[in-house]
Novice: 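Input: one structure, supplied below.
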Amino acid sequence: MFKIIDGKKISTEIKDELKAEVEALKAKGIIPSLAVILVGDDPASAVYVRNKKKACEYCGIRSLSYELPASTSEEELLDLIEKLNSDDDVNGILVQLPLPGHINEKKVTDAIIPSKDVDGFHPQNVGALLIGSRGFVSCTPAGIIELLKRSGVDISGKECVVVGRSNIVGKPMGVLLLRENGTVTIAHSRTKDLKEVCKRADILIAAIGKPKFFDAEYVKDGAVVIDVGMDRDENGKLCGDVDFESVKEKASMLTPVPGGVGPMTIAMLMNNVVESVRSLS
Ligand code: NAP
């Protein structure tokens with residue numbers, strides 16, 4: 001029987017759990033706080049930042065907002081990060097990407113102290129993930145693991161195919177599935193016979209950024225399909241990498257876009273902010 005994985009509902013469950021935890025922390029005098037930095041006026045980034053601030057409010061997390069003009073220099077941004085790194089009242093620092101072209105994104109994300117890197121992009125956190133030690137995990141792949149677990153999907157021993165090998169989605173996704181004892185293949189633009197590779201998957205993660213690329217021909221009967229894509233179709237409407245109407249005829253479970261992975265990314269960001277103060281309580 002086919003089931004839609006409701007990311008909105010599951011993300012609300014997680015945020016409700018965090019809200020209760022934050023209340024308990026506040027009773028001990030600990031107020032988790034997130035500094036959110038937005039540079040420039042990219043409308044999509046402004047929406048993401050607004051949603052993150054709304055989620056903070058929902059969970060009782062204090063959010064500090066830094067909205068800087070597009071003309072901000074790299075040095076000014078690095079100075080702000082340095083200030084936030086040493087501010088004991090700030091537990092997490094998030095710089096909304098992409099940054100304007102004159103700013104080196106890697107230099108900026110590397111400048112965030114690993115203990116406040118709630119996006120999990122710092123090389124120290126990425127390395128910790130790889131060797132299985134404590135650290136912040138990139139929110140989108142962490143959210144997908146939570147979606148699978150809370151939907152009753154057992155990852156252990158399953159054939160997992162991740163399509164896409166970016167540093168923020170594909171690669172950490174592969175490592176997390178491996179950590180859950182999945183048998184993992186990471187496919188990409190040079191993969192030969194992509195359809196055949198995808199059809200091996202019990203769990204297929206689509207993360208390539210191509211609207212409705214994956215149709216039923218890429219999917220094994222009964223597979224669980226997770227659509228990470230946030231794309232625009234020919235009419236400018238938000239859609240995923242998966243052709244929902246086609247794939248729902250074959251998959252046993254499928255995430256919609258919107259309402260699948262997107263809300264989970266924000267919920268896991270909130271979890272990382274709370275995680276940054278858990279050791280203090
Ligand atoms: P990215 O950095 O552009 O990486 C895309 C990956 O897909 C690359 O590894 C690329 O392979 C691979 N690829 C591209 N075309 C392919 C093809 N035809 N066949 C096989 N592989 C192909 O993208 P990203 O940042 O990982 O994001 C992927 C999608 O997820 C985007 O739609 C993005 O908007 C979305 N996203 C959503 C969330 C969320 O919260 N829902 C979060 C992050 C990203 P090569 O490495 O060989 O070039």
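Sequence positions, counted from 1, serve as the residue numbers for this chain. Counting starts at 1 for both ligands and their atoms, in listed order.
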Novice: For atom 13 (N) of ligand 1, which candidate among L97, I168, I208 holds the nearest heavy atom?
Specialist: I208
Novice: Evaluating non-hydrogen atoms only, which member of M230, M268, M264 is closest to atom 33 (C) of ligand 1?
Specialist: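 Looking at heavy atoms only, M230 sits closest to atom 33 (C) of ligand 1.
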Novice: Could you list the atoms of ligand 1 found under 4.0 angstrom from a heavy atom of D231?
Specialist: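 Atoms satisfying the 4.0 Å criterion: 32 (O).
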Novice: Show the atoms of ligand 1 that are less than 4.0 angstrom away from any heavy atom in G262.
Specialist: 40 (O), 41 (N)
Novice: Any atoms of ligand 1 less than 4.0 Å from a non-hydrogen atom of L194? List them with their elements.
Specialist: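 Within the 4.0 Å cut-off of L194, ligand 1 contributes 19 (N), 20 (C).
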Novice: Just do the salt bridge (charged side-chain N to carboxylate O under 4.0 Å, His left out) check on E21 and R278 with the steps written out, would you?
Specialist: CA-CA 9 Å; E21 204 178 334; R278 277 184 187 128; 2.6 Å; yes
Novice: Among protein heavy atoms, which lies nearest atom 44 (C) of ligand 1, and at what distance?
Specialist: V169 CG2, 3.9 Å
Novice: How far is atom 31 (C) of ligand 1 from its nearest protein heavy atom, and which residue and atom is that?
Specialist: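 Among all protein heavy atoms, the one nearest atom 31 (C) of ligand 1 is G209 CA, 3.6 Å.
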Novice: Check whether any heavy atom of A187 sits under 4.0 Å from an atom of ligand 1.
Specialist: no
Novice: Can you get from I37 to M270 by hopping between Ile, Leu, Val, Met, Phe, Trp and Tyr side chains that sit under 4.5 Å apart?
Specialist: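 Yes, it is one cluster - the side chains of I37 and M270 are joined through contacts under 4.5 Å.
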Novice: One pair to check against side chain to side chain donor-acceptor pair (under 3.5 Å): S45 and D42. What are the steps and the verdict?
Specialist: CA-CA 5 Å; S45 293; D42 175 52; 2.8 Å; yes
Novice: Is any NZ, NE, NH1 or NH2 atom of the basic residue among K116 and E82 found under 4.0 Å from an Asp or Glu carboxylate oxygen of the other?
Specialist: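 E82 and K116: not salt-bridged.
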Novice: Any idea which protein heavy atom is nearest atom 39 (C) of ligand 1, and the distance to it?
Specialist: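 In this structure, atom 39 (C) of ligand 1 has T265 OG1, 3.7 Å as its nearest protein heavy atom.
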Novice: Which bit of T191 is near ligand 1, meaning a heavy atom under 4.0 Å away: side chain, backbone, both or neither?
Specialist: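 Looking at T191 and ligand 1, no heavy atom falls under 4.0 Å.
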Novice: Does the R134 side chain pair with the main chain of L129, one donor and one acceptor, at a distance under 3.5 Å?
Specialist: no
Novice: Could you tell me whether the side chain of N125 and the main chain of G135 form a donor-acceptor pair under 3.5 Å?
Specialist: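 No, because the side chain of N125 does not come within donor-acceptor range (under 3.5 Å) of the backbone of G135.
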Novice: Looking only at atom types and distance, does a side-chain atom of D243 sit under 3.5 Å from a main-chain N or O of D215, one as donor and one as acceptor?
Specialist: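 Absent.
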Novice: So does E196 get a backbone contact from the side chain of D193, meaning a donor-acceptor N/O pair under 3.5 Å?
Specialist: no
Novice: Among all protein heavy atoms, pick the one closest to atom 37 (C) of ligand 1 and tell me residue, atom and distance.
Specialist: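 Heavy-atom neighbour on the protein nearest atom 37 (C) of ligand 1: V228 O, 3.1 Å.
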Novice: Which residue and non-hydrogen atom of the protein lie closest to atom 6 (C) of ligand 1, and at what distance in Å?
Specialist: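 Atom 6 (C) of ligand 1 sits closest to the protein heavy atom G164 CA, 3.7 Å.
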Novice: Run K53 and E67 through salt bridge (charged side-chain N to carboxylate O under 4.0 Å, His left out) and show every step you take.
Specialist: CA-CA 12 Å; K53 288 198 277 195; E67 292 182 7; 2.8 Å; yes
Novice: Among protein heavy atoms, which lies nearest atom 42 (C) of ligand 1, and at what distance?
Specialist: T140 OG1, 3.2 Å
Novice: Considering only the protein, which heavy-atom contact is closest to atom 8 (C) of ligand 1, and what is its distance?
Specialist: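 Ranked first by proximity to atom 8 (C) of ligand 1 is R165 N, 4.0 Å.
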Novice: Apart from V247 itself, which Ile, Leu, Val, Met, Phe, Trp or Tyr residues share its cluster (side-chain heavy atoms under 4.5 Å, direct or through members)?
Specialist: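 F2, I4, V161, V163, L194, V197, L204, I208, F213, F214, Y218, V219, V225, V242, F244, L254, listed by chain and number.
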Novice: Could you establish whether G170 and ligand 1 come within less than 4.0 Å of each other, counting only heavy atoms on the residue side?
Specialist: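 No heavy atom of G170 comes that close to ligand 1.
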Novice: Which option out of S166, S189, G229 puts a heavy atom nearest to atom 1 (P) of ligand 1?
Specialist: S166
Novice: Answer yes or no: is there a donor N or O on one side and an acceptor on the other, between the side chain of T72 and the main chain of L68, under 3.5 Å?
Specialist: no
Novice: Just jot down the ligand 1 atoms closer than 4.0 angstrom to any heavy atom of F213, in number order.
Specialist: 18 (N)
Novice: Measuring to protein heavy atoms, does anything land under 4.0 Å from atom 3 (O) of ligand 1?
Specialist: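 Flag for atom 3 (O) of ligand 1 set to false, no protein heavy atom closer than 4.0 Å.
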Novice: Heavy atom to atom 15 (N) of ligand 1, shortest distance: which of K210, H188, R232 holds it?
Specialist: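 It is K210 that holds the nearest heavy atom.
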Novice: Taking side-chain contact (heavy atoms from CB on, under 4.5 Å) as the definition, give me every residue that meets it alongside S115, ordered by chain and number, with sequence neighbours left out.
Specialist: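 S115: side-chain contact (heavy atoms from CB on, under 4.5 Å) contacts with I113.
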